[in-house]
Amino acid sequence: KIKRYQEYNRSRKIRAIRYQPETAAMLFQVLPFLLHCNYPDLPGFIDLPKVPYGIQRFDPEKTVDMDLFTRYFPESTARDRKSTSPYSQKPCIHTLKTIGRIGTIAQSAKSDCDYWVSVRKEEVGEEGLGLLGEKCRLIEQWAMEQGVEAYFFLMDIDRTRVNEFDSFVGDESAGSALKLLLKDELFRSHILVAGK
């Protein structure tokens, strides 16, 4: 079953990439990269030692090659060998998935991208959730400046299993959709971008 799921997920991702290669590079490579690191000259940086970040099982060196990195961040020193590593030793994001139209027949050039960001509140704490939510908002703003509309839904793994949907961010991602319908949409339309 896992192999069939992985093949299906890969085919969905390929369809999304073929439809809009530039947008797909942003959605499947650049934005996950920004969630995975915290560095002063990159979007989403929060200058606090307690900020949680990083996606489990995400390999930034394989996902974002130097050409792509340089295209979006030509002045950044984050990947310079002499720089402090921008990556977390304890990544807090268990899974990053797109939900909604991306990779489906309903995808259009104007489709936004919603991400389901699975974390455990007990691991990051209340303050950590607030900081990660702020990091997400900063990345959303930067993406909008690049012409890509993206929103992050921070969801606690344990609570969503029992259909309790607290919203940890107070923007569109917390907005009008009933969270139970959001979970249904997750199961029907998601693409696993990174993580477990």
Going by side-chain hydrogen bond (donor to acceptor under 3.5 Å, both in side chains), name the residues that satisfy it together with [X], two or more places apart in sequence or in a different chain.
| X | answer |
| --- | --- |
| S83 | Y39 |
| E22 | R71 |
| Q56 | K196 |

Is [X] reaching over with its side chain to a backbone N or O of [Y], donor-acceptor style, under 3.5 angstrom?
| X | Y | result |
| --- | --- | --- |
| T160 | I157 | yes |
| Y115 | L27 | yes |
| R12 | H190 | yes |
| N38 | I46 | yes |
| D114 | F153 | no |

Distance (rounded to the nearest 0.5 Å) between [X] [atom1] and [Y] [atom2]:
| X | Y | atom1 | atom2 | result |
| --- | --- | --- | --- | --- |
| E7 | R10 | CD | CZ | 7.5 Å |
| D65 | Q29 | CG | CD | 7.0 Å |
| I191 | Y8 | CD1 | OH | 8.5 Å |
| D156 | E122 | CG | CD | 7.5 Å |
| C92 | L35 | SG | CG | 8.5 Å |
| E134 | L48 | CD | CG | 10.0 Å |

I'd like to know if [Y] and [X] are part of one continuous hydrophobic network [Ile/Leu/Val/Met/Phe/Trp/Tyr, side-chain heavy atoms within less than 4.5 Å].
| X | Y | answer |
| --- | --- | --- |
| Y53 | I55 | no |
| L68 | L34 | yes |
| V51 | F45 | no |

Before we go on, tell me: are the rings of W142 and F33 under 6.0 Å apart, centre to centre?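 No: the rings miss the under 6.0 Å criterion.
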Could you check whether atom CZ of R120 has more than 12 heavy atoms from other residues, nucleotides or ligands sitting under 6.0 Å from it?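 Check passes, neighbour count above 12.
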Atom CG of D47 with >12 non-hydrogen neighbours under 6.0 angstrom: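 Counting neighbours around CG of D47, 12 or fewer heavy atoms of other residues, nucleotides or ligands fall under 6.0 Å, so no.
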Any chance you could lay out the side chain to side chain contact (heavy atoms under 4.5 Å, CB included) test for F73 and L42, step after step, and finish with the verdict? CA-CA 7 Å; F73 314 112; L42 291 175; 3.6 Å; yes
Heavy atoms only: give me the nearest [X]-[Y] pair and the separation to one decimal.
| X | Y | value |
| --- | --- | --- |
| P52 | G128 | CG-O, 3.2 Å |
| G44 | L138 | CA-CB, 3.8 Å |
| A78 | S76 | N-OG, 3.1 Å |
| P43 | I139 | O-CG1, 4.2 Å |

With respect to V193, which candidate in L96, V117, T95 satisfies the side chain to side chain contact (heavy atoms under 4.5 Å, CB included) definition?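 Among L96, V117, T95, the one meeting side chain to side chain contact (heavy atoms under 4.5 Å, CB included) with V193 is L96.
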Could you go through L131 and K135, starting from their C-alpha distance and side-chain angles, then the distance that decides it, and tell me whether this counts as side chain to side chain contact (heavy atoms under 4.5 Å, CB included)? CA-CA 6 Å; L131 292 170; K135 181 176 184 64; over 6 Å; no
Report the C-alpha separation of D158 and R161 in whole Å, then their side-chain angles, then the decisive distance to 0.1 Å, and conclude whether the side chain to side chain contact (heavy atoms under 4.5 Å, CB included) test is met. CA-CA 5 Å; D158 300 314; R161 279 191 177 140; 3.9 Å; yes
How about Y87 and E61: does a side-chain donor come under 3.5 Å of a side-chain acceptor?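 Per modelled atom types, Y87 and E61 side chains form a pair under 3.5 Å.
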Do [X] and [Y] have side chains that approach each other closer than 4.5 Å (heavy atoms only, starting at C-beta)?
| X | Y | value |
| --- | --- | --- |
| V64 | Y72 | no |
| L154 | L132 | yes |
| P32 | F58 | yes |

K121 and L129: side chain to side chain contact (heavy atoms under 4.5 Å, CB included), yes or no, with the steps? CA-CA 7 Å; K121 185 176 180 180; L129 282 173; 3.3 Å; yes
